[in-house]
2 protein chains.
Amino acid sequence: MKTIELNAASEARERLVELGGRTAQDLGLGRIAGQLLAYLYFQPAECSLDQIEQDLGLSKAAVSTAARQLEAFGLIRQVWKRGDRRNYYRTADNLGVAMQQGLMALVRSKLEAAGAEMDEIRSLIDEARRAERDASDLAFLHDRLKRANTLRERLAALLNSRIVKYLVR
Amino acid sequence: MKTIELNAASEARERLVELGGRTAQDLGLGRIAGQLLAYLYFQPAECSLDQIEQDLGLSKAAVSTAARQLEAFGLIRQVWKRGDRRNYYRTADNLGVAMQQGLMALVRSKLEAAGAEMDEIRSLIDEARRAERDASDLAFLHDRLKRANTLRERLAALLNSRIVKYLVR
DNA sequence: TTGAGGTTTCATAAATTTGTGAAAGATGAA
DNA sequence: TTCATCTTTCACAAATTTATGAAACCTCAA
């Protein structure tokens, strides 16, 4: 009987780890980071690097790098054990919140960067328009840029809206 | 005077194309597709493949591939001109809507795929739990999986919410 | 039907990303 | 301080992605 339980649990863990890896890959977080996060999330106790390394079949280097990446994002945290030199890791207590906030912050910063660049380009165009009487091409560019910016602003507004904050909490 | 206008316009276009490329890269759409889309969006008339190829400094092959990719997503469309064998392209009429719907659909399908896989794993666990009396590890996995699924469901609900549909319209 | 003008496919080159082993760098017990 | 143990860094190998040129493949006017 014991074997059945162990097999189901470990098969489930393996598949969840793989799913985490794929998802993280999609999000541009890197496969290993995703696998590590899923691994820890579905592990009942904190784990040492070498245990992780062995279970996931990865090199120490890869695990170490991914761990520090996840830690920087606030998704996992270290656990110190007295009398033990190893680093143990577990998922952050507020994992759900951290994930969502992190993702939102990432999207928001990209939107902002794009917005800043668009503003720059717009002022370039406006300046040229003032210096030039018949600048219909510039007027066209100006109009298109304005439309694109509207899109961007709507998206930003959505991210900041109260309902998103509520739903995503 | 004419030169000032031309310079400003072409510098603006160049920067917008680059911005489009970077953004698309981030979204996993591919740099060239993004450049092409931005190029067409900021072009007042439809363009032929060889004109695009020349302006963007890319090979015919790359442009051709990206164009069909964008067309498949409904972001650009072909324009036929009688007595001209070339393919001309322009951005879709409803570009904003198409972009948003496409992005939403993409996210939604990923969420669904992940959800389906999680369901499978959950039933694997449930089955094992029925066969095993003291399955505390399985109970733990079950609980975690449930929590993860709640997150996923919230996100899906958000995507389907009326306010998102409104804001993103 | 032919062939000129245009597009797409495909093998491969180039660039980028990812993962590793080995060595250097920490850390803490004795 | 020293030693044993663990972690991190780094140069490089492997894999993946991206872009190209050339050839195959369309399409239409004559």
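- Checking side-chain atoms of A:Arg144 against main-chain N and O of B:Tyr41 turns up a donor-acceptor pair under 3.5 Å.
- Taking all atoms of both residues into account, the shortest heavy-atom contact from B:Val17 to B:Ala38 is CA-CB, 3.9 Å.
- Distance OH (A:Tyr89) to P (D:dC6): 15 Å, rounded to an integer number of Å.
- Taking atom OH of residue B:Tyr88 and atom P of nucleotide C:dG6, one finds them 8 Å apart after rounding to whole Å.
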Under 4.0 Å protein heavy-atom contact, by nucleotide of nucleotides 10-30 of chain D - B base, S sugar-phosphate only:
---------SBB------BS-

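- The distance between atom CD of A:Gln51 and atom C1' of D:dT7, rounded to the nearest whole Å, is 16 Å.
- For A:Ile52 and D:dC6, the CD1 to C1' distance is 13 Å, given to the nearest whole Å.
- Of all nucleotides listed (D:dC6, C:dT8, D:dT8), D:dT8 comes nearest to the side chain of A:Arg68.
- Summarising the hydrophobic clusters (Ile, Leu, Val, Met, Phe, Trp, Tyr; side-chain heavy atoms under 4.5 Å, direct or chained), the residues clustered with A:Val79 are A:Tyr88.
- B:Leu75 places a side-chain heavy atom less than 4.5 Å from the side chain of B:Leu95.
- The CG atom of A:Asn87 sits 12 Å away from the C1' atom of D:dT5 (whole-angstrom rounding).
- The CG-P distance, from A:Leu49 to D:dT5, rounds to 17 Å in whole Å.
- Residues B:Arg13 and B:Gln43 have side chains in contact (heavy-atom distance under 4.5 Å, counting atoms from C-beta outward).
- Within the structure, the side chain to side chain donor-acceptor pair (under 3.5 Å) test picks out the following pairs touching residues 116-128 of chain B (sequence neighbours left out): A:Arg15-B:Glu120, A:Arg22-B:Glu117, B:Asp126-B:His142.
- The side chain of B:Ser64 contributes no N or O atom lying less than 4.0 Å from OP1 or OP2 of C:dT7.
- Counting to the nearest Å, the P atom of D:dT8 and the CG atom of A:Asp50 are 12 Å from each other.
- Summarising the geometry, the separation between CG on A:Leu56 and C1' on C:dT20 is reported as 16 Å, rounded to the nearest angstrom.
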